[in-house]
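Below: one structure, written as structure tokens.
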Amino acid sequence: MTPLLVAFIAVCESVGVGLVGMVVLRLLRKYPVGYSLVAVIIITVYAINTSALTVVLVARSAQLPADLLLAVVLIAGAVAIGVGLVLGRSVMNGSRQLTDATRSLGQRYRFQQPADLPSAEFAELAQELRTTSDKLAESRRREQAMDASRRRLVAWISHDLRSPLARLRAVTESIEDGVVDDLPDYCRKIRGDTEVLSEMVDDLFELSRIQSGTLRLAPRMVALDDLISDEVAALEVVAGDRGISLRARTIEPIVVNVDDRAFTRVFNNLLGNAIRYAPEGSTVTVDIRAVAGWAAVAVSDECGGIPEGDLASVFDMGWRGEDRRTRGSSGGGLGLAIVQGLVQAHNGNVSVRNVPGGCCFEVRLPLPAA
């Protein structure tokens with residue numbers, strides 16, 4: 001047997017062991033990377049030993065010279081080491097892919113997870129990076145939505161301030177010029193405009209406290225049905241002036257732990273909106289029920305409903321429906337944003353949905369533990 005043939009056999013054995021090692025590494029992808037590294041070392045040593053053993057056995061039978069035997073062993077060993085390096089590179093390749101994908105996260109705010117990672121650690125790290133990427137994308141989306149809400153709020157506040165300020169200027173100029181025929185009437189107009197401005201300032205201040213986390217609540221056990229009944233009674237005159245029937249339909253006696261001042265404002269805003277935008281001759285209804293550990297308060301009206309595309313934006317700061325623009329109403333679109341902030345401060349949630357003929361706002365609060 002010639003030395004070249006012996007070397008060829010040894011090299012083939014090293015390559016064959018390397019191919020088996022690639023299969024082993026693929027099977028170890030679901031396990032920690034330490035398993036793969038140990039496998040690379042074992043496969044490399046096994047490839048070297050297998051080649052050396054083959055050369056020794058063949059050389060003994062063929063009585064090859066020692067220098068040729070050494071040369072063949074060195075060649076087979078070099079091939080075995082090369083096989084080990086290739087296998088080790090395949091393990092470390094996953095780290096490079098993960099590094100490149102992580103670098104792209106900072107550039108595109110989106111993590112593209114590598115398809116073929118060599119170990120469980122890399123796969124787990126990739127999953128965590130993917131989760132972080134999704135959170136960053138959601139945070140960026142919320143930030144953009146908040147910026148849009150702020151711009152919309154500034155535009156509406158500027159619009160709403162312009163009208164009462166212009167009226168106040170006109171009235172005061174008329175008084176200064178001495179052309180006022182009915183001074184009490186002019187005083188009533190001044191008071192009305194100042195009340196509008198005061199309400200806007202109060203809303204801005206309340207929303208600022210909610211968003212900055214400085215809102216201070218004083219929760220206590222409150223009969224929710226009594227709180228709603230008081231608000232319904234207080235707004236019945238306003239509803240009657242607009243030709244609206246305000247009715248408490250299903251009222252269950254429920255006690256919740258809330259700040260009654262804050263929730264007086266919540267229900268005042270919801271009922272006030274329903275009365276303001278319901279058509280004349282329609283009915284606004286209130287329901288209070290206990291549902292699966294929650295106290296649910298639903299305010300329904302017959303306004304015709306909210307466009308489906310706007311339902312997700314109803315509680316955004318500064319949002320207004322298109323019909324509000326034509327009605328010339330004031331307030332900056334803060335009422336529902338305040339409602340949501342106050343309800344969430346009590347670990348509750350508020351939602352809106354369309355119902356036949358109108359829409360329904362529902363506030364849910366956790367019931368006290370028995």
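If you read the sequence from its start, that first residue is 1, and numbering goes on from there.
L183 is connected to I190 through a chain of hydrophobic side-chain contacts under 4.5 Å among Ile, Leu, Val, Met, Phe, Trp and Tyr, so both are in one cluster. Under the 4.5 Å side-chain contact rule for hydrophobic residues, L217 and V222 share a cluster. The same ILVMFWY cluster, assembled from side-chain heavy atoms under 4.5 Å apart, contains both I251 and L270. Linking Ile, Leu, Val, Met, Phe, Trp and Tyr whenever their side-chain heavy atoms come within less than 4.5 Å puts L342 and L367 in one cluster. Note: the hydrophobic cluster containing V284 also contains V238 (ILVMFWY, side chain heavy atoms under 4.5 Å, direct or indirect links).
R140 has no carboxylate O lying under 4.0 Å from a charged side-chain N of E143, or vice versa, which leaves the two without a salt bridge.
The minimum heavy-atom distance linking R191 with T194 is given by the pair O-OG1, 2.7 Å. The heavy-atom pair separating R216 from D259 by the smallest distance is O-OD2, 4.2 Å. The shortest non-hydrogen separation linking V291 to A296 is CG2-CB, 4.2 Å. Pairing each heavy atom of L336 with each of F315, the nearest pair is O-CD2, 3.5 Å. Between C303 and Y277 the shortest heavy-atom distance is CB-O, 3.6 Å. Shown here for V286 and V232, the closest heavy-atom pair between the two residues is CG2-CG2, 4.3 Å.
Within the 4.5 Å cutoff, no side-chain heavy atoms of V201 are placed close to those of S198. No side-chain heavy atom of R353 sits less than 4.5 Å from a side-chain heavy atom of L311. D301 places none of its side-chain heavy atoms less than 4.5 Å from the side chain of S282. You'll find the side chain of V363 reaches within 4.5 Å of the side chain of L365, heavy atoms only. With contacts defined as side-chain heavy-atom distances shorter than 4.5 Å, the pair P253/D225 qualifies.
R169 contributes atom CZ, which lies 12.5 Å from atom OG of S174 (distance to the nearest 0.5 angstrom). Rounded to the nearest 0.5 angstrom, Y186 OH and I175 CD1 are separated by 8.0 Å. Summarising the geometry, atom CD1 belonging to I275 is positioned 8.5 Å from atom CZ belonging to R242; distances are rounded to the nearest 0.5 Å. The CG atom of D226 lies 11.5 Å from the CG atom of D260; values are rounded to the nearest 0.5 Å. The CD1 atom of I228 sits 10.0 Å away from atom CD1 of I254, with the distance rounded to the nearest 0.5 Å. Between M221 atom CE and N257 atom CG the span is 5.5 Å, to the nearest 0.5 Å.
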Check: Would V352 and C360 count as a side chain to side chain contact (heavy atoms under 4.5 Å, CB included) if you check the C-alpha gap in whole Å, the side-chain angles of each, and the deciding distance to 0.1 Å?
Finding: CA-CA 6 Å; V352 60; C360 174; over 6 Å; no
Margin query: Is there a side chain to side chain contact (heavy atoms under 4.5 Å, CB included) between V343 and F263? Walk through the geometry before answering.
Written below: CA-CA 8 Å; V343 172; F263 266 86; 4.2 Å; yes
Check: After noting the C-alpha distance and the side-chain angles of S351 and F361, does the key distance pass the side chain to side chain contact (heavy atoms under 4.5 Å, CB included) rule?
Finding: CA-CA 6 Å; S351 60; F361 286 84; over 6 Å; no
Next item on the list: Applying side chain to side chain contact (heavy atoms under 4.5 Å, CB included), run through I288 and L224 and close with a yes or a no.
Entry: CA-CA 8 Å; I288 305 176; L224 195 57; 4.2 Å; yes
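Remark: the backbone N or O of A248 is not paired with any side-chain donor or acceptor of D287 at under 3.5 angstrom. Side-chain atoms of E252 come within 3.5 Å of backbone atoms of A290 as a donor-acceptor pair (strictly under, hydrogens ignored). In this structure, the side chain of N354 engages the main chain of I306 through a donor-acceptor pair within 3.5 Å. Within the 3.5 Å criterion, the main-chain N or O of V339 finds no donor-acceptor partner in the side chain of N269. Looking only at distances, no side-chain donor or acceptor of R289 sits under 3.5 Å from a matching main-chain atom of V297.
Considering only residues two or more places apart in sequence or on other chains, D193 meets the side chain to side chain contact (heavy atoms under 4.5 Å, CB included) condition with P164, R167, L168.
No hydrogens or angles considered: a donor-acceptor pair under 3.5 Å links the side chains of R276 and N273. Side chains of Q344 and N349: no donor on one and acceptor on the other come within 3.5 Å.
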